[in-house]
Amino acid sequence: MAGRRAAVGVYAISVAAQIVGTGQQNIRLYERRGLLTPVRTSGGTRQYSEADLVVLRRIAELLEEGLNLAGVARVLDLEADNDRLRAELQRSRAR
DNA sequence: CTTCTGACA
DNA sequence: TGTCAGTA
């Protein structure tokens, strides 16, 4: 299934950093630059969903391709817009 | 766990 | 500019 047992898909920043292969400081910087916005617990701890991990891997990929954080932010925004438009197109086709 | 600061290439 | 180490 989607994950091992009850606690499905929420990770602390230390775990997320390990999985993606970067440092905790970097992930916090990405958030400051608006690249992702993980959920916070009432205590302020960031909780990364599997969707967040996908974004983090995309960030690493784009950085390797030579983009800076501003460029990565552009790409992620455009991809989000593209997904939204694509979904809208499918809805209009369905009706 | 969080934030901030500074050093490095 | 992005990464990383150390700190409070």
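If you take OH of A:Y48 and P of B:dC1, they are 10 Å apart, rounded to a whole angstrom. A:E31 places its CD atom 15 Å from the P atom of C:dT3, with the value rounded to the nearest Å. Atom CG in A:L67 sits roughly 13 Å away from atom C1' in C:dG2 (whole-Å rounding). Between A:L35 atom CG and C:dT3 atom P there is a gap of 10 Å when expressed in whole angstrom units. Rounded to whole angstrom, the span from the CD1 atom of A:I59 across to the P atom of C:dT3 amounts to 10 Å. For A:Q18 and B:dC1, the CD to P distance is 10 Å, given to the nearest whole Å. Atoms CG (A:N68) and P (B:dA9) sit 21 Å apart, rounded to a whole Å. One atom, CD1 of A:I27, and another, P of C:dG2, lie 16 Å apart when rounded to the nearest Å.
In the set B:dC1, B:dT3, C:dT3, B:dC1 carries the atom at the smallest distance from any side-chain atom of A:T45.
Not one side-chain nitrogen or oxygen of A:R32 sits closer than 4.0 Å to the OP1 or OP2 atom of B:dT2. Contact between the side-chain N/O atoms of A:R46 and the OP1/OP2 oxygens of B:dC1 is not found at any separation under 4.0 Å. Residue A:Y30 places at least one side-chain N or O closer than 4.0 Å to OP1 or OP2 of C:dT3. Residue A:S14 has a polar side-chain atom (N or O) positioned under 4.0 Å from OP1 or OP2 of B:dC1.
In this structure the side chain of A:T45 never reaches within 4.5 angstrom of the side chain of A:R40, judged on heavy atoms.
Residue contacts for A:L63: at a heavy-atom cut-off of 4.0 Å it reaches the sugar-phosphate backbone alone, with no base atom in range.
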> Given A:E79 and A:R86, is the salt bridge (Lys or Arg N to Asp or Glu O under 4.0 Å) satisfied, shown in steps?
Replying inline: CA-CA 10 Å; A:E79 287 181 344; A:R86 182 164 299 167; over 6 Å; no
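Connection of A:L62 to A:I19 is established within a shared hydrophobic cluster, with ILVMFWY side chains joined at heavy-atom distances below 4.5 Å, either directly or through further cluster members.
Under 4.0 Å is where a charged nitrogen must lie from a carboxylate oxygen, and between A:R93 and A:E88 no such pair does.
Taking 3.5 Å as the limit, the base of C:dG2 and the side chain of A:Q25 contain no donor-acceptor pair of atoms between them. Residue side chain A:Q47 does not reach the base of B:dC1 through any donor-acceptor N/O pair under 3.5 Å, judged by distance alone.
With a 3.5 Å ceiling on both atom-pair distances, C:dT7 lacks any Watson-Crick or G-U wobble partner.
Between the side chain of A:T22 and the backbone N or O of A:N26 there is no donor-acceptor pair closer than 3.5 Å.
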